[in-house]
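Worksheet: the structure to be examined is printed underneath.
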2 protein chains.
Amino acid sequence: MNLLFKALNDQTRREILEYLKEKDLTAGEIADKFNISKPSISHHLDLLRQAGLVVSVKEGQFVYYALNTTVMDEMLKWIMQFKS
Amino acid sequence: MNLLFKALNDQTRREILEYLKEKDLTAGEIADKFNISKPSISHHLDLLRQAGLVVSVKEGQFVYYALNTTVMDEMLKWIMQFKS
DNA sequence: TATATATTTAGACAAATATCTAAATATTAT
DNA sequence: ATAATATTTAGATATTTGTCTAAATATATA
């Protein structure tokens, strides 16, 4: 839960997730969407991966990132406890 | 959204919300539940208030804090966009 | 094999954050 | 009025975080 909330506590990372909602993207394609250096984006992707929010697959020289929403269920459940 | 995610990105603050789920509490009662100084708890409560997650009402020398879950709806909606 | 491309790692740095103690403010009770 | 209680504000400090540049690693291509 800590890693999850931490990962989502950043506008850039939340936007990355929204891009990945549309389709899988390489690290470079993601970086191109922001005015932030590639190493910084790489770091953001690492935090998202640590939280389980994305998975990465290497294809040749590219690394594809894809959304994994299953970990969000835990968070949904946590929030829902307050709404009942 | 930023303030909301920020407020929830802390174990102590999340626990405060869980205590407030049971019943309204004064600042002092909340502080008593943690091994953290009262000023620090006061600061946590301020962040929760900024996020709209709690409201406070002064009653005499006490300040009662109560949960406000309506702001969680926005967050729920944001998360749900990924689950559909 | 040498070069170009894609990505990550390493290390540095400024800004944000969680915490503390001391002091200030507000209210109640003697 | 004075003292006691509840809470917040102010200011300091160590840690965490987001960012950068430079370098390292891995893969593809000429």
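The chains referred to below are lettered A, B, ... by the order of the sequence lines, with proteins before strands, and numbering in each begins at 1.
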- Is there side-chain contact between A/Glu15 and A/Lys33, with at least one heavy-atom pair below 4.5 Å? no

Any heavy-atom pair between the side chains of A/Leu67 and A/Val55 that's under 4.5 Å? no

**Asked** According to a strict under-4.0 Å criterion, is B/His44 in side-chain N/O contact with OP1 or OP2 of C/dT19?
**Response** yes

### Message
Please tell me if B/Ser37 has a side-chain N or O lying less than 4.0 Å from either OP1 or OP2 of C/dT19.
### Response
no

Check: Would A/Arg49 and A/Asn68 satisfy side-chain hydrogen bond (donor to acceptor under 3.5 Å, both in side chains), going step by step from the backbone distance to the final call?
Finding: CA-CA 9 Å; A/Arg49 207 178 35 67; A/Asn68 174 35; over 6 Å; no

Rounded to whole Å, CG of B/Leu48 lies from P of C/dA18 at a distance of 11 Å

B/Asn2 CG to D/dT17 P, in whole Å, measures 16 Å

Of A/Glu59 and A/Asn35, the one whose nearest nucleotide on DNA chain D sits closer to the 5' end is A/Asn35

Ordered by number, residues from residues 5-18 of chain B within less than 4.0 Å of DNA chain D (heavy atoms) are none

Q | Expected output: side-chain B/Lys83 to main-chain A/Thr69 donor-acceptor under 3.5 Å | A | yes

Do A/Arg13 side-chain atoms and A/Leu8 backbone N/O form a donor-acceptor pair below 3.5 Å?
no

The reported gap from CD1 in B/Ile41 to CD1 in B/Ile36 (rounded to nearest 0.5 angstrom) is 4.5 Å

Besides B/Tyr64, the hydrophobic cluster formed by Ile, Leu, Val, Met, Phe, Trp and Tyr side chains linked at under 4.5 Å, directly or via other members, contains B/Phe62

ask   = Is the centre of the B/Tyr65 ring less than 6.0 Å from the centre of the B/Tyr19 ring?
value = no

Protein-proximity profile, nucleotides 5-15 of chain C, B/S/- by nucleotide at the 4.0 Å heavy-atom cutoff, equals BSBBB------

